[in-house]
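Remarks on the structure that follows.
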Amino acid sequence: MAGLSDQDVDIVIEKFQTKVSISEKPELGNHYEPNTSEPIAQPLRTLDEVLLWKPDEDGFNVATIPLAKRTEAKVGKPYTLLCHDMMGGYQEDRFVQGVPKLECYRYYHWQYLDMFIYFSHYFVTIPPPSWTNAAHKNGTLMLGTVITEWNDGAERCKQVFASESAYKTFADKLVAIAKYYKFDGWLVNIENPIAATHMPQMVGWVEYLTKEMHTHLPGSKVIWYDSVIIDGSLKWQDMLNDNNRVFFDISDGMFLNYTWNEAKLKDSVKNAGERKLDVFVGVDVFGRNCFGGGGWNTNKAMSVIRSNNLSAAIFAPGWVMEKLGREQFITNQNKYWGILDEFLPTHGVSSLPFVTYFCRGYGEQGFRNGTVALVKSWCNLSAQQIQPTFLQVPQDTPDGKTGHQSMDHCVKDGFNGGGSLLLRGTLGQGQVHPYRIFETGIVPSHQLLVSYTVKCCNAVDACVYLDLGGDQGRVILWTSGESAEDKQPMSAYGLRESEQLDPSKLPVSKTTAKCTAYAPLKEGSHKNMQDIVFGCDSSSIHCIGWQTRHYLLPTSAFGEGAKIEEMGVLCFPTESDPPKMDYMVRIGELKIINPDSLKNSSTQVSNLTMVDDSWHNILPHITNVTDQASFCCTLKWDYPYEAMHYDVYVSGVNRDPNHNRDLATSEVVFIGRAYANLFRVCHLLAPTVNGKEGQLEFKVQPSTQEGFVAPLAAATRIRVAYS
């Protein structure tokens, strides 16, 4: 597919004419940042805003990632809820398309969480889509917040609870909001007294809201915060008792206030009966009158909570950044969650497609196919991928020898996104280093297409393993094969099945008592897969040391009733008698997908259009640029499948916005990545034409949720002629 021209492929081209008329700034309304026109997430601040809210008016803020299926902890294990309260909410994360900076608050320990609440002190808090996308990708529910406080809150409650009709209208709006923005429920936090005459309506509202959420969003949750009691007084109980249990009985759970003691927890256990796991004991990380004092002592509170087998609600984890600063945030974040690890049951993702580049949603630069595509820092949690289940701690080798090992995320190099998984250690003779990475529960009911991308050094290689449940053993995805490609059966997908190997001949076979092994695809099958992955002739792509191995595993690779329960990596020396050596192995990608998805790999977007276009003077912070005008617009399109993302390109400009370099106007340059089927072009510098006609051409290249890239040469495009 290399070198295709417009005449070689069937390309959909839309055309648009615009006149350059300079205005001071875009006029788009409150869903956009006033000066830059970037789309932003925001709360609903008043009751009128809630009641007047309509769907289909805020597409940029709709989450796009469905909730992944997940492994579940053993029956009777308590839950963990995290309540975000980072500097009041809506900080850098309000910018839907991300920000050009690294030092933002971000979260990636999703394996510990059952629910994440996006919290602010605004009336109705709608989670920014980036948070919902990241949570859903890792199998965690995302909740918004309804809060009333002080005199303003009391006045709103008077209006909402004035009648059954009023509270049902309000609840219906909350259901519609959650359904439109695709998040999974509400924290209800009423922190002002309620008139006794309004209490029946408030109880009715909580009950009705919970029922309607369950009806319209199956699996959703409504959590009540321990605040108002049955007589309408604002009296935090720090426990479940007869004063507040009416709200517990009609909701999905109660978030206890933070100033509890162990006696109150024991009483809560008795009062909850069979629903004790629906009691979420509050822990304030800032330690405000909280058991143990929060911070690095949060584990003291967690120890008491878990000793009573109650669920936990951890509040304000932004303490790690707010109190300790941004410079060492990642180090402190990992330390904090490492301290809590023993108290937090984990879960992994168990649905297909299972695709991860290990990106955490930020980077010092951006990578595509192993090369740098973006040379500036960035943060966008919509880009976050499935995160490892297991902590980055040294592990003993299976032969009992304690060679040094560590596993961490690294932003210095990556295959796609903002970084990669970095495995480091010291290997001696005869050693193999195993790294447990993912807990999962994938049931292989059909052939599986598996791939991984590695970068190795220092005479060390790596392979991926899949551990099966019960006595099924381990599947090793080895690095090479023995027989010619044409010796393997041809599949219905135009690919040869992977060759089955004798595992006893492999140096990693001693890592498990029972295993099977398969070789990667070769020659034509490997080339076909690479072409699909890159959306072009893969021989033209130079991945700078990264190597991708593809496997088409037959159903016979998995016994009846088998389940993939764990995925990991084995690092081993490539020499038969190596000296003791230090090594680094980077894992840039891991995929397990249904090969049926190959048929959608080349589908392009359709109905590409442009709205809200305008021209402006160059923004003040841009200097040393002349003979340019600033162009803004919104691109919209349709796509028939769920996408991982869409890359947006332009030609007709003479400055590269991501690399700060001069261009020929004929060059096609990457300008941004969308996670929904629309993209805001913000102040793109276009050459002034001095009475002539200029032309910009935008292209949108989709990537399927399996990570297959449609050919850029055939991408749908829109041409904008301006004068």
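Computed from heavy atoms alone, side chains included, the values below leave out hydrogens, waters and symmetry copies. For the single chain, residues carry numbers from 1 onward in sequence order.
- Taking the six-membered ring for Trp, W131 and Y107 have ring centres at least 6.0 Å apart.
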Please determine whether ring-ring contact (aromatic ring centres under 6.0 Å, His included) holds for the pair Y108 and W337, giving the CA-CA distance in whole Å, both sets of side-chain angles, and the decisive distance to 0.1 Å.
CA-CA 10 Å; Y108 44 86; W337 291 100; 9.5 Å; no

May I have the step-by-step check of ring-ring contact (aromatic ring centres under 6.0 Å, His included) for W110 and F116, ending in yes or no?
CA-CA 9 Å; W110 298 104; F116 185 103; 5.4 Å; yes

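- In this structure, R275 satisfies the cation-pi test against F248, with its NZ or CZ atom closer than 6.0 Å to the six-membered ring centre and inside 45 degrees of the ring normal.
- Checked by atom type, the side-chain pair R306/S311 shows no donor-acceptor distance below 3.5 Å.
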Between F60 and Y181, does the ring-ring contact (aromatic ring centres under 6.0 Å, His included) criterion hold? Intermediate values first, please.
CA-CA 10 Å; F60 276 107; Y181 291 108; over 10 Å; no

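- Aromatic ring centres of Y646 and Y675 lie farther apart than the 6.0 Å criterion allows.
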Please walk me through it: do F329 and Y105 pass ring-ring contact (aromatic ring centres under 6.0 Å, His included)?
CA-CA 8 Å; F329 170 68; Y105 181 74; 5.6 Å; yes

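- Electrostatic pairing of R70 and E72 counts as a salt bridge here, judged by a charged N lying under 4.0 Å from a carboxylate O.
- Applying the salt bridge (Lys or Arg N to Asp or Glu O under 4.0 Å) definition to pairs two or more places apart or across chains, those involving residues 233-258 are D238-K264, R245-D249.
- Aromatic ring centroids of Y167 and W205 lie 6.0 Å or more apart.
- Residue pairs that meet the salt bridge (Lys or Arg N to Asp or Glu O under 4.0 Å) test with at least one member in residues 204-217, sequence neighbours left out, do not exist here.
- For the residue pair Y118/D93, the side-chain donor-acceptor check at 3.5 Å is satisfied.
- A salt bridge links E92 to K101: one of the charged nitrogens lies within less than 4.0 Å of a carboxylate oxygen.
- There is no side-chain donor-acceptor pair under 3.5 Å between W150 and E191.
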Begin from the C-alpha positions of D284 and N289 and carry the test side-chain contact (heavy atoms from CB on, under 4.5 Å) through to its verdict.
CA-CA 8 Å; D284 183 358; N289 300 314; over 6 Å; no

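- With sequence neighbours excluded, the residues satisfying side chain to side chain contact (heavy atoms under 4.5 Å, CB included) with S350 are K69, T71, T440.
- Within the cation-pi definition used here (under 6.0 Å to the ring centroid, within 45° of the axis), R288 does not qualify as a partner of Y258.
- One N or O on the side chain of S268 and one on the backbone of L240 form a donor-acceptor pair closer than 3.5 Å.
- Just one residue in the list W260, Y225, F280 forms a ring pair (Phe, Tyr, Trp, His ring centres under 6.0 Å) with F255, and that residue is Y225.
- Between H84 and F119, the gap from one ring centroid to the other reaches at least 6.0 Å.
- Side chains of S377 and Y362: no donor on one and acceptor on the other come within 3.5 Å.
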